Each structure stands twice: as C-alpha cells, then as structure tokens.
Amino acid sequence: MIGVAVVGYGYWGPNLVRNLAETPGAKLVWVCDLKKDRLAGVQLRYPTVQITDDFDEVLRDPSVEAVAIATPVSAHYMLAMKALMAGKHVFVEKPMASTSEEARRMVDEAARRRLILAVDHTFIHTGAVRKMREIIENGLGDIYYYDSVRVNLGLFQHDVSVIWDLAVHDLSIMDYVLPEKPVAVSATGMGHVAGEPENIAYLTLFFESKLIAHIHVNWLAPVKVRRTLIGGSSKMIVYDDLEPSEKIKVYDKGITLNGNPQTDGEKVYDMRVGYRTGDMYAPQLDMTEALGRELKQFVDCIATNSQPIADGYAGLRVVRILEAATQSLAQRGRVIELEPARLIA
C-alpha cells in the first residue's frame with residue numbers, strides 16, 4: 001500500500017480524498033489544510049485519516065510516500081519542492097506552477113531524486129478524450145485545425161486570469177491528442193472588473209505544419225459551453241463535454257481537390273475544390289471517472305517506477321504556453337515563439 005497525503009481541502013481536495021480512499025493500492029494517511037475548520041468533516045467520514053494544518057508534520061511521517069497537492073497555484077512550487085526534497089512522490093494540480101522556471105525546477109528535482117511527478121490533467125483520462133486521441137491516430141488523416149470554446153458565467157479567480165483557469169484544460173488536451181506541439185502562440189483578451197485579471201481571452205497556436213489551433217475562454221458568457229472541433233483531411237470530430245452520452249461525434253465530411261494546381265500565371269486557380277459528405281457516428285465511451293483512473297495510474301507508477309501520461313514534462317509544456325500567452329496578452333496579441341522545454345543543468 002502506498003501511503004498518500006492530500007494537501008489542500010478546498011474546492012478540489014475533497015475529490016482527491018474521496019478517490020484516494022477508494023483507489024486500490026493507496027492508503028490515505030493525512031489530509032492537510034491551513035484552515036482547520038475545513039477538516040472537520042474528514043474524520044467523520046474517514047475516521048482513520050489524520051488531519052493537520054502543519055505540512056511539515058506530514059513530511060516527517062515515514063508512512064507517507066506520496067503527496068497530492070490541491071492548493072492555489074501560487075503555493076504549488078513551494079509545497080511540491082519541499083515534498084520532493086523530503087523524498088515524496090508528488091501529484092500536483094494544474095497548472096503545475098506559476099512560471100516555467102518553477103516548473104522546470106520541479107521536473108529537474110523529481111528526475112534527480114528518481115521520484116514520480118504527475119500533473120492533474122484530468123481531462124486526458126476521460127473516455128471521451130482518450131477515444132479522441134485514438135481516432136486522431138487512426139482515422140482523421142492530416143490534422144487541419146483544433147477549435148475550442150470553453151465559456152460560462154464565473155467562477156471569477158482573483159489570482160489568475162481566465163487563460164490560467166480555463167485554457168489550461170484545452171492546452172492539456174491538445175498536448176495529449178495532437179501529433180505535434182505548438183511552436184508559437186498569440187493571445188488577446190480583456191478584463192472588465194477593475195483590479196482583476198482578464199476574464200475573456202482568445203488564443204491562437206501555430207505549428208510547424210499547416211495545423212492551427214484556436215481557444216476561446218470566457219467568464220462572462222450567459223451559457224456554459226464546452227465544445228471542441230477537430231478537422232482532418234479524412235474526418236472531423238465534434239467533442240461536446242456537456243453531452244450526457246454522445247460526447248464524441250465523428251463526421252465523414254471534408255473537401256476533395258480535383259486537378260493539379262498550375263504555377264504559371266493565373267492557372268493556379270484551375271484546381272477545383274469538392275465537398276464530401278458521409279455518415280456520422282458516435283463511438284461508445286468508457287464512462288469510468290477520470291480522476292479515479294488518473295490516481296490509480298499515479299499509484300501504479302510509484303509501484304512500478306514508470307512515468308504517468310501527464311508527467312512533469314507535460315505539465316511544463318502547458319505552463320510554457322500559458323506563460324507565453326500571458327506575455328502576448330500584455331502586448332495585444334504579439335506572436336511569442338515557444339522555446340523547446342529544457343531542464344536545468
């Protein structure tokens with residue numbers, strides 16, 4: 001049994017506690033939060049679990065092999081680094097850190113100590129996203145675009161912009177399902193509450209190929225929308241996370257090019273574009289809870305010394321894009337090149 005402690009019992013922490021208490025191979029040992037009143041319900045439901053507001057007390061316990069961190073983003077780096085330096089494996093909420101430098105240091109520390117560092121990119125463990133990756137690998141052809149809308153009314157965050165709160169989901173999905181990584185990003189947006197970060201933003205990501213990605217995130221929409229379109233040369237996908245059952249629909253639609261383009265003069269326009277319309281189908285999806293699957297993988301990776309799908313490198317790639325998008329946002333959409341992720345020497 002892998003002894004695990006959960007740090008942070010606010011919005012997401014209770015979900016971690018519930019799933020870890022039911023995860024085979026895991027033993028929930030501690031729940032830690034600075035606000036002790038939040039912990040009152042923990043011992044009522046899980047009487048064998050210890051509670052504390054002292055993180056160091058958790059780290060001193062030799063029965064704790066891993067720490068799951070569900071605190072505000074600003075505390076991720078400090079808590080994760082203390083846990084890693086204490087020899088504990090770490091599971092950390094997304095985004096994994098406030099800056100790419102912090103994320104690189106976390107990845108480097110985990111690698112140096114041969115510890116597992118997993119980032120909670122929950123969506124990539126859903127049956128819908130895993131099926132989407134399978135379809136992209138086997139039947140979509142050349143990928144043309146990734147277009148996502150993730151909007152709702154609230155919940156306003158005071159410490160991060162809507163990019164760090166909502167776009168992080170789509171960036172983690174893209175990192176998992178697309179066959180290549182972006183090389184540049186442009187972002188525009190606006191804040192409509194004085195003294196608060198941006199509440200609406202548009203991200204455009206560029207790739208080496210002709211693939212292009214666009215993400216729209218918004219805290220001021222009158223309705224909740226969670227929809228993604230992915231277009232390929234062979235088929236197209238519509239992913240609607242709010243659909244109760246048919247979250248993924250695959251359309252056999254696209255364009256066909258007839259003739260050969262000429263390069264002499266105006267004959268370049270001789271090539272004709274035709275349209276292909278075929279069937280639509282909705283594949284059957286695994287409805288297992290994503291967080292439970294993800295935590296089971298984390299525990300298994302500790303036991304087998306293997307890497308999780310959303311490891312520190314995946315978390316670092318997402319933070320690099322968030323950081324560059326924030327820089328672009330401040331410069332009204334200037335395209336920011338993304339440097340390849342490098343570890344600290």
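None of these values were measured; they are calculated from a predicted model. We use all heavy atoms of the structure for the numbers below, so side chains are in, but hydrogens, waters and symmetry mates are not.
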Task: Under 3.5 Å: donor-acceptor pair, side chain of Lys296, backbone of Gly292 - done: no

Task: pair Val162-Asn218: side-chain heavy atoms closer than 4.5 Å - done: no

Task: Pairwise distance CG(Leu285) to CD(Glu246) - rounded to 0.5 angstrom - done: 9.0 Å

Open item on the list: Treating Asp170 as the side-chain partner and Ile173 as the backbone partner, does any N or O pair qualify as donor plus acceptor under 3.5 Å?
Closed with: no

Task: Charged N-O contact under 4.0 Å between Glu57 and Arg60 - done: no

Task: Trace of the salt bridge (Lys or Arg N to Asp or Glu O under 4.0 Å) decision for Lys131 with Asp286 - done: CA-CA 9 Å; Lys131 176 60 71 174; Asp286 179 359; over 6 Å; no

Open item on the list: I'd like to know if Leu39 and Val7 are part of one continuous hydrophobic network [Ile/Leu/Val/Met/Phe/Trp/Tyr, side-chain heavy atoms within less than 4.5 Å].
Closed with: no

Task: Distance (rounded to the nearest 0.5 Å) between Asp53 CG and Cys32 SG - done: 7.0 Å

TODO: Measure the shortest side-chain to side-chain distance between Leu16 and Phe91 over non-hydrogen atoms and say whether it is less than 4.5 angstrom.
DONE: yes

Open item on the list: Check whether Ser328 reaches the backbone of Ala187 with its side chain - one donor and one acceptor, N or O, closer than 3.5 Å.
Closed with: yes

TODO: Please step through salt bridge (Lys or Arg N to Asp or Glu O under 4.0 Å) for the pair Arg133 and Glu137, ending with a clear verdict.
DONE: CA-CA 6 Å; Arg133 172 171 164 140; Glu137 288 178 340; 3.2 Å; yes

TODO: Please assess Arg130 against Arg293 for the test side-chain contact (heavy atoms from CB on, under 4.5 Å), listing each intermediate value before the final yes or no.
DONE: CA-CA 12 Å; Arg130 289 188 296 114; Arg293 173 185 292 273; 3.1 Å; yes

- [ ] Please name the pair of heavy atoms, one in Ala324 and one in Leu338, separated by the smallest distance, quoted to 0.1 Å.
- [x] CB-CD2, 3.5 Å

Task: Whether Gln43 side chain and Val49 backbone form a donor-acceptor pair below 3.5 Å - done: yes

- [ ] Spell out, as yes or no, whether a donor-acceptor pair under 3.5 Å connects the side chain of Lys88 to the backbone of Val64.
- [x] yes

Open item on the list: A side-chain contact here means heavy atoms from C-beta on lying under 4.5 Å apart; do Leu291 and His125 qualify?
Closed with: no

Open item on the list: Can you give me the closest heavy-atom contact between Ile248 and Pro283, atom names plus distance?
Closed with: O-CD, 3.4 Å

Open item on the list: Is any side-chain heavy atom of Val238 closer than 4.5 Å to one of Met280?
Closed with: no

Task: Rounded distance (nearest 0.5 Å) linking atom OH of Tyr9 with atom CZ of Arg38 - done: 10.5 Å

Open item on the list: When you measure from the centre of the six-membered ring of Phe123, is the NZ or CZ of Arg150 closer than 6.0 Å and no more than 45° off the axis?
Closed with: yes

Task: CA sep, side-chain torsions, deciding dist, call: His214, Leu203, side-chain contact (heavy atoms from CB on, under 4.5 Å) - done: CA-CA 6 Å; His214 187 261; Leu203 281 70; over 6 Å; no

Open item on the list: Please check this pair: side chain of Glu294 against backbone of His121, looking for a donor-acceptor N/O pair closer than 3.5 Å.
Closed with: yes

TODO: Quick one: closest heavy-atom pair of His76 and Ile69, and the distance?
DONE: CD2-CG2, 4.0 Å

Open item on the list: Looking at Arg112, I want to see if its CZ is surrounded by more than 12 non-hydrogen atoms of other residues, nucleotides or ligands under 6.0 Å.
Closed with: yes

TODO: Check the hydrophobic clustering (I, L, V, M, F, W, Y; side-chain heavy atoms under 4.5 Å; chains of links allowed) and say if Ile163 and Val119 are grouped together.
DONE: yes

Open item on the list: Would a single hydrophobic cluster contain both Ile51 and Tyr11, if residues Ile, Leu, Val, Met, Phe, Trp and Tyr are joined by side-chain heavy-atom contacts under 4.5 Å?
Closed with: yes

Open item on the list: Treating Asp175 as the side-chain partner and Leu171 as the backbone partner, does any N or O pair qualify as donor plus acceptor under 3.5 Å?
Closed with: no

Task: Exercise: identify the closest heavy-atom pair between Gly189 and Glu198 - done: C-CG, 4.4 Å

Task: Pairwise side-chain contact, Glu289 with Asn19, heavy-atom cut-off 4.5 Å (strictly under) - done: yes

TODO: Show the numbers, then the answer: is there a side-chain hydrogen bond (donor to acceptor under 3.5 Å, both in side chains) between Asp142 and Tyr144?
DONE: CA-CA 6 Å; Asp142 297 329; Tyr144 292 156; 5.5 Å; no

Open item on the list: Using the rule that Ile, Leu, Val, Met, Phe, Trp and Tyr join whenever any side-chain heavy atoms are under 4.5 Å apart, tell me whether Ile321 and Met106 fall into a single cluster.
Closed with: yes

- [ ] Decide if atom CG of Asp279 counts as having more than 12 heavy atoms of other residues, nucleotides or ligands within a radius under 6.0 Å.
- [x] no

- [ ] Measure the shortest side-chain to side-chain distance between Lys247 and Asp241 over non-hydrogen atoms and say whether it is less than 4.5 angstrom.
- [x] yes

Task: Pairwise side-chain contact, Tyr239 with Ile230, heavy-atom cut-off 4.5 Å (strictly under) - done: no

- [ ] Work out which heavy atom in Phe298 is nearest to a heavy atom in Ala118; give both atom names and the distance.
- [x] CD1-CB, 3.7 Å

Open item on the list: Determine whether Thr122 and Trp12 satisfy the following criterion, side-chain contact (heavy atoms from CB on, under 4.5 Å), listing intermediate values before the conclusion.
Closed with: CA-CA 12 Å; Thr122 317; Trp12 194 243; 4.1 Å; yes

Task: Inter-residue atom distance Thr23.OG1 - Arg18.CZ, 0.5 Å rounding - done: 10.0 Å

Task: Gap between atom CD1 of Ile2 and atom CG of Leu28 - 0.5 Å precision - done: 13.5 Å

Open item on the list: For the CE atom on Met85, are there more than 12 heavy atoms of other groups (residues, nucleotides or ligands in this structure) within a distance under 6.0 Å?
Closed with: yes

Task: Note, Leu84 side chain near Leu115 side chain (heavy atom, < 4.5 Å) - done: yes

Open item on the list: Applying salt bridge (Lys or Arg N to Asp or Glu O under 4.0 Å) to Arg104 and Asp108, what does each step give before you reach the verdict?
Closed with: CA-CA 6 Å; Arg104 278 194 297 268; Asp108 185 69; over 6 Å; no

Task: Atom pair NZ (Lys181) and CZ (Arg317), whose distance is rounded to the nearest 0.5 Å - done: 4.5 Å

TODO: For the pair Asp252 and Lys235, find out whether any cationic side-chain nitrogen is under 4.0 Å from an anionic carboxylate oxygen.
DONE: no

TODO: For the pair Glu323 (side chain) and Ser100 (backbone), establish whether a donor and an acceptor sit closer than 3.5 Å, ignoring hydrogens and angles.
DONE: yes

- [ ] For the pair Val31 and Tyr46, evaluate side-chain contact (heavy atoms from CB on, under 4.5 Å) and give the outcome as yes or no after the intermediate values.
- [x] CA-CA 10 Å; Val31 176; Tyr46 311 100; over 6 Å; no

Task: Where Thr228 and Ser148 come nearest, the two heavy atoms and their spacing - done: OG1-OG, 3.3 Å

Task: Single-linkage hydrophobic cluster Ile135~Met132, side-chain heavy atoms < 4.5 angstrom - done: yes

- [ ] Please confirm whether Arg105 makes a cation-pi placement over Tyr77, using NZ or CZ under 6.0 Å from the six-membered ring centre and within 45° of the ring normal.
- [x] no

